[in-house]
Protein chains: 2
Amino acid sequence: MLIRTRTVSRPAIDGQLAALAGERVCCSEFTYRRGTEVFGEGEEAEYVYQIVSGAIRTYKLLCDGRRQINSFHLPGDLFGLENGAVHRFTAEAVVQTRVRITSRRHLLDSIEHEEEGRASLLTLVTRNLQHAENHMLLLGRKRSVEKVAAFLLEMDRRQDHPYVMSLPMSRRDIADYLGLTLETVSRALSTLRDDHMLRFDGQTQRKLVLLDRKGLAQLDA
Amino acid sequence: MLIRTRTVSRPAIDGQLAALAGERVCCSEFTYRRGTEVFGEGEEAEYVYQIVSGAIRTYKLLCDGRRQINSFHLPGDLFGLENGAVHRFTAEAVVQTRVRITSRRHLLDSIEHEEEGRASLLTLVTRNLQHAENHMLLLGRKRSVEKVAAFLLEMDRRQDHPYVMSLPMSRRDIADYLGLTLETVSRALSTLRDDHMLRFDGQTQRKLVLLDRKGLAQLDA
DNA sequence: CGCATCTTTGAGGCGAATCAATCTAAGTGG
DNA sequence: CCACTTAGATTGATTCGCCTCAAAGATGCG
């Protein structure tokens, strides 16, 4: 099912994978077309992934199809590493996405033998937990505009505050991340635009410029 | 500020604390009156706690007072162990609560020297993450009755399916856990009672009997 | 017993969802 | 290159679920 271009040479490893496993891990690379599933909820967690380019969404579904996106993963991010043997959610490519893949077993073995590797694994899980805790506050207690403002600031921060921010995900994805509908997200963005907090860049609606980060931060509550 | 009754002898350690630290950790015990703060968001994470009896809520606040409860901790549960040096939320006693306390440093030192201790720490953080992931789905995508049903099933499971379930927390606490108002929680409980999913036990509204766990599970979606 | 707190229930309002139409951008094929 | 198609985004009208406000009832503590 999973076609992979095996990289025989040991590629340069950067970011979190490096921190986790030093230089020992041999990686393959693979490109997923947009909308493709990387792994499904309940599947065996055989591989660990790091994004080279593109974006990944991880989510859970209710039986009637309602979807909650846990997180978006951007270039450099590690994902799919579970403590248990099974994935607790589904991962899909938001856009065409290039990932570096290594076997979970391989990575864990490397980690076992490195003092700092193990600490990094804990740090990684802790970071995910911290994000989840903040996101629970958002989902449970923030209003729609506050949610959207928080989302924009999160993306802005994670993309290192570029002048033009490029969102790889659709309004529906944003909505499912924030516990809203796509229409509400669209309305909130329009409101923020009318209030001169941001403006859309050029024709596309997925490139935008944050004009007032302070104002957005205040809205975020 | 924190009055503690130091236990000189090494008390019997059970549950997760034991799994984490073996028999090495020396604990004190302390009782918090209901509503008392155990530690605050941003405070230094000096101690680690395990509940002997009672219940603890951990939460975050927005600037205008809106509250999101991350989790309730029940007897046997460990809480307050951070990977970083600082607590990421506030912990308060829901009712009069007896806790076993040990220093974070002390516990971490013990863990350092035990292979399985370290694994347990990771397991603990992972369990918290898993709970958070499920709770995000609940907060973002479930309706009020589904939320309340899920809450009841969670408490039922964690109390080992007693015939009469005793809830230590108020309707407001439940509401702040589920991202609702206390009135909505009350209405949902009344609805479930009218639908013969549960009944209240005796006079008090905090003791209830689950009459149809299957029905509740179906509602939970 | 009396008072404060918690819970239930009702009435009405509001914010976000739903339903629906239009508009835009990006492909697709002639 | 342009008509045609399709997916995505915006905007409007309306509905609905939950919140807010309010009052009364129940519980528990001093």
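These numbers come from a predicted model, not from an experiment. Sequence lines set the chain letters: A, B, ... in the order given, protein chains first and strands last, and positions in each chain run from 1.
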Does a nitrogen or oxygen in the side chain of A:R172 sit under 4.0 Å from OP1 or OP2 of D:dG8? no
Select base, sugar-phosphate, or nothing to describe what B:L182 touches, counting heavy atoms under 4.0 Å on all strands. base
Contact class for A:R206 vs. all strands (heavy atom < 4.0 Å): base, sugar-phosphate, or nothing? sugar-phosphate
Near-ring test B:Y49/B:F79, centroid separation under 6.0 angstrom: yes
Can you classify the ring geometry of B:F151 versus B:F72 as parallel (below 30°), tilted (30 to 60°) or perpendicular (above 60°)? perpendicular
Could you tell me whether B:S186 contacts a base, only the sugar-phosphate backbone, or nothing, with contacts defined as non-hydrogen atoms closer than 4.0 Å? base
Under 6.0 Å between ring centres, would you say that holds for A:Y177 and A:H135? yes
Any side-chain N or O of A:S170 less than 4.0 Å from the OP1 or OP2 oxygen of D:dA7? no
For A:T181, report the nucleic acid contact type (base, sugar-phosphate, nothing); a contact means any heavy atom under 4.0 Å. base
Under 4.0 angstrom, heavy atoms only, what part of the nucleic acid is B:R143 near: base, sugar-phosphate, or nothing? sugar-phosphate
Select one nucleotide: of C:dT7, D:dC19, C:dT9, the one nearest the side-chain heavy atoms of B:R171. C:dT7
Using a cut-off of 4.0 Å on non-hydrogen atoms, how would the nucleic acid contact of B:G179 be classed: base, sugar-phosphate, or nothing? sugar-phosphate
